[in-house]
Amino acid sequence: MGKQPESESLTVRDNRTGKTYNVPIVNNTVSASAFKSMSAPKKEGERDENDTEKGLRVLDKGFMNTAVIQSEITYIDGDAGVLRYRGYPIEQLALHSSFLETAYLLIYGSLPSKRQLHTFETEVMHHSGAHSDAEDFFRSFRYDAHPMAILTSAFSYLGSYYSEANPSLQGQTLFTKRDPASISNMDKQIYRLIGKATTFAAMAYRVRQGRDFVTPPTGFSYTGAFLYQMDHLGEENYVPNPVLEKALDILFILHADHELNASCTTVLQTGSSLVDPYSAIAAGCASLYGPLHGGANEAVIRMLISIGKPENVPAFIEAVKRREKVLSGFGHRVYKTSDPRSFIVRRTADEVFKVTGKDELLETAMALHDAAMKDEFFIKRKLAPNVDFWSGLIYRAMGFPLDFFPVLFVVPRVVGWIAHWRQMMLQEGGVKIWRPRQVYLGSGKRDYEPVDSRPDAQIAPSPVVHSGITKRTNLASFKGKSKL
Ligand code: ACO
């Protein structure tokens, strides 16, 4: 790299010391580490814990403006409502591509040739079968277990089968070596993770229906095989409805990646310790499940059910403005206009409704959408529908249970997580463990006091109700019973 032109820099004057620093600007970013050299002597009375002499820290609660990686995968322009995978607009991919073709693009960087796509599809489908022991694992969950709890655990469980994919057993450079054998080992884990994502999701679905599990069929698309594994009850020549199969494929393309959202960041943070990819994906699954992220599609439907009918929308909007409720499916950290995926989901919903019939919540959803879009509260805060606002309605119309919606988000997102994980593992210069700093505002040094001379602590843990303890047990006396 040539010498940095002086205009491509930030001049910072530290008014504590009068010193001036020149921080290079590269790709419109400044390095947070550059601020580490901006130290100042400790002021009279300043807390030692401020570490003033160790350099300035950059505080960014919730990563509002911090880039943690250089990436070539996905580009979002949140003001213009643009989303591109490897340069291709999401609208074009949704219209022309298939989920596995898009997966190839995201993970390996370019659209595959016909032959490459065929090999990739064959490998993914070949690796979709689960070990027969997995049946016992899935059956060990309670009948009412949330499928996300099952799926999150299942990815971690899956890793226990592949010692050859575990850097803790094989050496920590297992996935960072970049030689053909290591890359081939990595690709095998990629096939397994994508192949088994649908199988495990279908198993999490069927176990709660009390159904036997279905071996992945051959000759189907990725989403076709998924629908088959969920729904086939032994009928001859069972073929899922092509409109639903295509709609799910489009939804999977839309959900395949979204750069550094909470779950992808979790996968990378977890992966940065060089743990095996199955553990990293399980961590991502847990992160996705929260109602601020992938759990929002489930939350949207619960919200619409609670609103009930279009006439109740104004009262709901008022409750949101009084901060008593949240309008799930609206707002986004990056998009400050409508999420481009939401238009495609809306169009896809119409295709699905043609074969399933309209969802009874659609009118309430449309009334809510229209009311929010013209309300000053939402306009001022640039809150617009995100992908989850409409996707839940399609899933409902397709007959999926509410708590299965986040699973339908995880399955395609495994691809995005893997693409980012692979990119990080193979990046120039190796992997640095993600270890952020904190601003310590706690107590200064203090000395231990023996328990007998201590006053009550400021905070005592709350009393809790002990479920499962009956009145009879409370009335009984027994050795070791607490006097409290
Ligand atoms: N309903 C009501 N008010 C909202 C909403 C909402 N859905 N979203 C944001 N706001 C308000 C906030 O209260 C805040 O108001 P204030 O400035 O007066 O305090 C302002 O808009 C900015 O919101 P933040 O929470 O600061 O924005 P942030 O970027 O941190 O959060 C998030 C983004 C989490 C997505 C938020 O908009 C939200 O909670 N949305 C609802 C949940 C949801 O739909 N999540 C799915 C996201 S997309 C995805 O994961 C696929």
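Order of appearance sets the numbers: ligands from 1, and atoms from 1 within every ligand. Residue numbers start at 1 and run along the sequence shown.
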**Q** Below 4.0 angstrom from a heavy atom of Phe377, which ligand 1 atoms are there? Numbered from 1 as shown, please.
**A**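 Checking each atom against Phe377, I get 3 (N).
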
**Q** Val207 versus Met203: any side-chain heavy-atom pair under 4.5 Å?
**A**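 A side-chain contact is absent here, since even the closest heavy-atom pair is not under 4.5 Å.
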
**Q** Does Glu123 offer a backbone N or O that forms a donor-acceptor pair with the side chain of His127 under 3.5 Å?
**A**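 Yes; judged by distance alone, with no hydrogens or angles, the pair exists.
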
**Q** Do other residues, nucleotides or ligands put more than 12 heavy atoms under 6.0 Å from the NZ atom of Lys321?
**A**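 Yes, because the 6.0 Å sphere around NZ of Lys321 holds more than 12 heavy atoms from other groups.
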
**Q** Can you confirm whether some protein heavy atom lies under 4.0 Å from atom 26 (O) of ligand 1, or whether none does?
**A**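 No, because not a single protein heavy atom sits under 4.0 Å from atom 26 (O) of ligand 1.
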
**Q** If the plane angle is over 60° it's perpendicular, under 30° parallel, otherwise tilted; pick one for His255 and Phe409.
**A**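 Because their plane-to-plane angle is over 60°, the rings of His255 and Phe409 count as perpendicular.
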
**Q** If you count the atoms of ligand 1 from 1 in the order shown, which ones are under 4.0 Å from a heavy atom of Gly329?
**A**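 Every atom of ligand 1 under 4.0 Å from some heavy atom of Gly329: 43 (C), 44 (O).
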
**Q** Only heavy atoms of Val320, strictly under 4.0 Å: list the atoms of ligand 1 that pass.
**A**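 In order of number, 2 (C).
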
**Q** Residue-level breakdown please: for Asp339 versus ligand 1, do any non-hydrogen atoms fall below 4.0 Å on the side chain, on the backbone, on both, or on neither?
**A**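 Under 4.0 Å from ligand 1, Asp339 contributes no heavy atoms.
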
**Q** Could you tell me, atom by atom, which parts of ligand 1 come under 4.0 Å of a heavy atom of Leu292?
**A**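 Per the distance check, 39 (O), 45 (N), 46 (C), 47 (C).
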
**Q** Among all the protein's heavy atoms, is there at least one whose distance to atom 39 (O) of ligand 1 comes out below 4.0 Å?
**A**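 Protein heavy atoms within 4.0 Å of atom 39 (O) of ligand 1 - there is at least one.
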
**Q** Could any protein non-hydrogen atom be found less than 4.0 Å from atom 47 (C) of ligand 1?
**A**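 Within 4.0 Å: yes, protein heavy atom nearby.
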
**Q** With side chain to side chain contact (heavy atoms under 4.5 Å, CB included) as the test, would you mind laying out the steps for Thr176 and Leu274 before giving the verdict?
**A** CA-CA 9 Å; Thr176 55; Leu274 299 181; 4.1 Å; yes

**Q** Ignoring hydrogens and angles, state whether a donor on the side chain of Glu46 or Thr52 is under 3.5 Å from an acceptor on the partner side chain.
**A**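 The answer is yes; a qualifying pair exists.
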
**Q** Ring centroids only, cut at 6.0 angstrom: are Phe405 and Phe400 within range, meaning strictly under it?
**A**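 Aromatic pair excluded; centres sit 6.0 Å or further apart.
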
**Q** Heavy-atom contact check, 4.0 Å cutoff: does Phe389 meet ligand 1?
**A**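 No.
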
**Q** Which residue holds the protein heavy atom closest to atom 41 (C) of ligand 1, what is that atom called, and what is the gap in Å?
**A**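 So the nearest neighbour among protein heavy atoms is Phe330 O, 3.4 Å.
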
**Q** When you measure from the side chain of Arg206 to the backbone of Gln229, do you find a donor-acceptor pair of N or O atoms at a distance under 3.5 Å?
**A**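 Answer holds: yes.
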
**Q** Around atom 49 (C) of ligand 1, find the nearest protein heavy atom and jot down its residue, atom name and distance.
**A**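 Here the closest protein heavy atom is Asp388 OD2, 3.6 Å.
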
**Q** Establish, yes or no, whether a centroid distance under 6.0 Å links the rings of His332 and His258.
**A**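 Yes, the ring centres sit under 6.0 Å apart.
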
**Q** Could you identify the single nearest non-hydrogen protein atom to atom 4 (C) of ligand 1 and state the distance to 0.1 Å?
**A**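 The answer is Leu383 CD1, 3.5 Å.
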
**Q** Which residue and atom name correspond to the protein heavy atom nearest atom 42 (C) of ligand 1, and how close is it?
**A**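 I find the closest protein heavy atom is Pro291 O, 3.9 Å.
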
**Q** Specify whether Phe175 and Trp421 have parallel, tilted or perpendicular ring planes, treating 30° as the upper limit for parallel and 60° as the lower limit for perpendicular.
**A**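 Judged by the thresholds at 30° and 60°, the geometry between Phe175 and Trp421 is perpendicular.
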
**Q** For the residue pair Tyr278 and Tyr161, is the inter-centroid distance of their aromatic rings smaller than 6.0 Å?
**A**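 Between Tyr161 and Tyr278, which both carry aromatic rings, the centre distance is not below 6.0 Å.
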
**Q** Hey, is atom 23 (O) of ligand 1 under 4.0 Å from any protein heavy atom?
**A**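 For atom 23 (O) of ligand 1 the answer is no, since every protein heavy atom stays at 4.0 Å or beyond.
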
**Q** Just need the protein heavy atom nearest to atom 35 (C) of ligand 1, so name the residue and atom and give the distance.
**A**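 Protein heavy atom with the smallest distance to atom 35 (C) of ligand 1: Gly331 O, 3.7 Å.
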
**Q** Please list, in number order, the atoms of ligand 1 under 4.0 Å from a heavy atom of Ala296.
**A**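 Atoms satisfying the 4.0 Å criterion: 43 (C), 44 (O), 45 (N), 46 (C).
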
**Q** Say whether, by atom type as modelled, one donor and one acceptor occur between the side chain of Tyr85 and the main chain of Asp257 under 3.5 angstrom.
**A**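 Judged by distance alone, yes, a pair lies under 3.5 Å.
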
**Q** My question is simple, although I want it checked carefully: is atom 51 (C) of ligand 1 less than 4.0 angstrom from any protein heavy atom?
**A**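 Yes, there is one.
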
**Q** Atom CD in Gln189, atom CD1 in Ile194: separation rounded to 0.5 Å?
**A**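 Going from CD on Gln189 over to CD1 on Ile194, the span is 12.0 Å.
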
**Q** Could you work out, for atom 13 (O) of ligand 1, the closest of Arg381, Arg323, His255 by heavy-atom distance?
**A**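 Checking each option, the heavy atom nearest atom 13 (O) of ligand 1 is found in Arg323.
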
**Q** For atom 1 (N) of ligand 1, grab the closest protein heavy atom and report residue, atom and distance to one decimal in Å.
**A**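 Checked against all protein heavy atoms, atom 1 (N) of ligand 1 sits closest to Leu327 N, 3.1 Å.
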
**Q** Taking only heavy atoms of Phe409 into account, list the atoms of ligand 1 that are under 4.0 Å away from them.
**A**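 Here the atoms of ligand 1 in question are 51 (C).
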
**Q** At under 4.0 Å between heavy atoms, is it the side chain or the backbone of Val387 that contacts ligand 1, or both, or neither?
**A**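 It is the side chain that gets close, since no backbone atom is under 4.0 Å.
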
**Q** Flag Asn386 as yes when one of its N or O atoms lies below 3.5 Å from any N or O atom of ligand 1, and as no otherwise.
**A**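 So ligand 1 has an N or O lying under 3.5 Å from an N or O of Asn386.
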
**Q** Does Asn261 reach ligand 1, in the sense of a heavy atom lying below 4.0 Å from it?
**A**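 Checking ligand 1 against Asn261, which is what was asked, there is no heavy-atom contact under 4.0 Å.
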
**Q** Which ligand 1 atoms does Arg333 reach within 4.0 Å, using its non-hydrogen atoms?
**A**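 Listed by number with element: 28 (P), 29 (O), 30 (O), 33 (C).
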
**Q** Taking the six-membered ring for Trp, are Phe252 and Phe226 parallel (under 30°), tilted (30 to 60°) or perpendicular (over 60°)?
**A**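 Rings of Phe252 and Phe226: tilted, 30 to 60°.
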
**Q** Do the side chains of Glu259 and Cys264 get nearer than 4.5 Å, heavy atoms only?
**A**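 Counting from C-beta outward, Cys264 and Glu259 never come under 4.5 Å.
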
**Q** Is the closest protein non-hydrogen atom to atom 29 (O) of ligand 1 under 4.0 Å?
**A**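 It does: a protein heavy atom is found less than 4.0 Å away from atom 29 (O) of ligand 1.
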
